[in-house]
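Read the numbers this way: they start at 1 and go in the same order the structure lists the ligands and their atoms.
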Amino acid sequence: MSRLSGAFRRRMAGCAGLGLAVLLTPATLAEDAGNLYNTAVDIRMGERYFERQCSRCHGFDATGNDETGAPDLTGRLTRGSTDVAIFNIIRDGIPGTAMLPVAADVPDPEVWQVVAYLDSLRYDPGSVVLAGNAEAGNELFWNGSDCADCHMVNGRGSRNGPDLSRVGENRTPDDLLADMVNPQENVAPRWWRLRITGPDGVSREGYRMNEDSFSLRIMDDEENLWSIPKDSLQSYERIEDSTMPGYAQTLSESELDDLVAYLFSLRREEI
Ligand code: HEC
Ligand code: HEC
């Protein structure tokens, strides 16, 4: 069966009013057949295309980019999760956003290869078998360790670190383990801190909240906000280390496994 192009489908839809509606059937069948371009070679071609055309916004590993506002494509997609929906997003773009359609002369099979590549990045979380126990991890997170001093899950906890309410959607179990064992790796600029000494001579450390021409605001560990006039700063230093301690020594392997299972279970409710 041949794959019908988006443009062809649109043309057919335009013809429907002319009594040619019956021609729409093959298009529907083609959609149901799923992606016909999903061999290992297709996936590799799709990846190459992605690196050339998409990575500047979505990032090389497709995990998104805060600056461009391009979302992470490795978890569940918000605009549609079927192959056809993803195909159409790439073919047609998302009107009114930076997500533009691919060039009209890009043949459909190439777009399907990109779909295959994106599919290869996502996987069914239900099928992942983990060594740890999510219940035990939940208990450890809230009562047996200090995670909640910094993290928030579903409105509970603290804002001294990223909100983890949906961390399981975007991080693999291996990523989550690495997050706990090597927190100093890849600290996002959002979590860099400032150490500043104000007019009172006291040195304070905190996340940079905002800044204008005249003052700088930081939030310290107790979630106090400090606003310091810039012309009175006595010292200013940026700290790119994470505040998060590494847990390789303080937690056992099975405790880390339990936490991974708990964190991996944190995702949006099924829609
Ligand atoms: C100029 C920046 C830019 C480029 C280049 C770009 N995108 Fe996007 N993309 C975006 C933005 C921004 C959004 C979010 C739009 C929105 O929903 O508001 C988006 C959304 C998407 C979505 C929907 C995500 C979801 O959660 O539903 C997919 C899929 C996608 N892009 C794939 C691609 C692919 C594949 C390419 C390369 C062919 C690409 N994008 C190139 C900026 C870009
Ligand atoms: C002192 C504060 C602090 C404590 C305690 C802490 N974290 Fe973190 N955590 C952070 C900060 C800040 C980041 C973001 C910077 C980074 O990547 O290290 C982070 C990042 C993470 C991430 C990656 C999140 C993402 O979206 O990339 C995970 C997962 C995580 N922490 C889990 C834990 C767990 C589980 C515990 C308890 C065993 C814990 N943290 C304890 C501050 C903390």
Using a cut-off of 6.0 Å, state whether more than 12 heavy atoms not belonging to [X] lie near its atom [atom1].
| X | atom1 | result |
| --- | --- | --- |
| M45 | CE | no |
| Q249 | CD | no |
| E205 | CD | yes |

- Message: Using a cut-off of 2.8 Å, how many protein N, O or S atoms sit around atom 8 (Fe) of ligand 1?
- Response: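 N, O or S atoms of the protein closer than 2.8 Å: 2.
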Taking only heavy atoms of [X], which atoms of ligand 1 are found under 4.0 Å from at least one of them?
| X | answer |
| --- | --- |
| G69 | 12 (C) |
| V114 | 35 (C) |
| T97 | 15 (C), 16 (C), 18 (O) |
| R56 | 5 (C) |
| V102 | 38 (C) |

[Y] and [X] side chains, donor-acceptor separation under 3.5 Å:
| X | Y | result |
| --- | --- | --- |
| D146 | Y247 | yes |
| W112 | D42 | no |
| S165 | D163 | yes |

- Is the closest N or O pair between T68 and ligand 1 shorter than 3.5 Å?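 Among all N and O atoms of T68, none is under 3.5 Å from an N or O of ligand 1.
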- Could you tell me whether some N/O pair between Q53 and ligand 1 is separated by less than 3.5 angstrom?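 No, since none of the N or O atoms of Q53 sits under 3.5 Å from an N or O of ligand 1.
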Output the distance between atom [atom1] ([X]) and atom [atom2] ([Y]), rounded to the nearest 0.5 Å.
| X | Y | atom1 | atom2 | result |
| --- | --- | --- | --- | --- |
| Q184 | N186 | CD | CG | 11.0 Å |
| L251 | C147 | CG | SG | 7.5 Å |
| L73 | I90 | CG | CD1 | 8.5 Å |

- Non-hydrogen side-chain atoms of I228 and L233 separated by less than 4.5 Å: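 Yes, their side chains come closer than 4.5 Å.
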- Is the backbone N or O of D221 less than 3.5 Å from a side-chain atom of N160, with the two atoms forming a donor-acceptor pair by type?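 Yes; at least one donor-acceptor contact below 3.5 Å.
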- Message: Below 4.0 Å, non-hydrogen atoms only: which portion of L100 touches ligand 1? Side chain, backbone, both or neither.
- Response: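 It is neither; nothing of L100 touches ligand 1.
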Short N or O contacts of ligand 2 with protein, under 3.5 Å, listed by atom name?
{"unit_1": "ligand 2", "atom_1": "7 (N)", "unit_2": "H151", "atom_2": "NE2", "d": "2.8"}
{"unit_1": "ligand 2", "atom_1": "9 (N)", "unit_2": "H151", "atom_2": "NE2", "d": "2.8"}
{"unit_1": "ligand 2", "atom_1": "18 (O)", "unit_2": "P183", "atom_2": "O", "d": "3.0"}
{"unit_1": "ligand 2", "atom_1": "18 (O)", "unit_2": "S242", "atom_2": "OG", "d": "2.7"}
{"unit_1": "ligand 2", "atom_1": "31 (N)", "unit_2": "H151", "atom_2": "NE2", "d": "2.8"}
{"unit_1": "ligand 2", "atom_1": "40 (N)", "unit_2": "H151", "atom_2": "NE2", "d": "2.8"}

- Item | Test: E211 and R217 ion pair at under 4.0 Å |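 Here E211 does not pair with R217 in a salt bridge, since their nearest N and O are not under 4.0 Å apart.
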- Task: Using the ring of F264 (Phe, Tyr or Trp, six-membered ring only), decide whether R267 places NZ or CZ under 6.0 Å from its centre and within 45 degrees of its axis.
- Result: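 Yes, a cation-pi geometry holds between R267 and F264.
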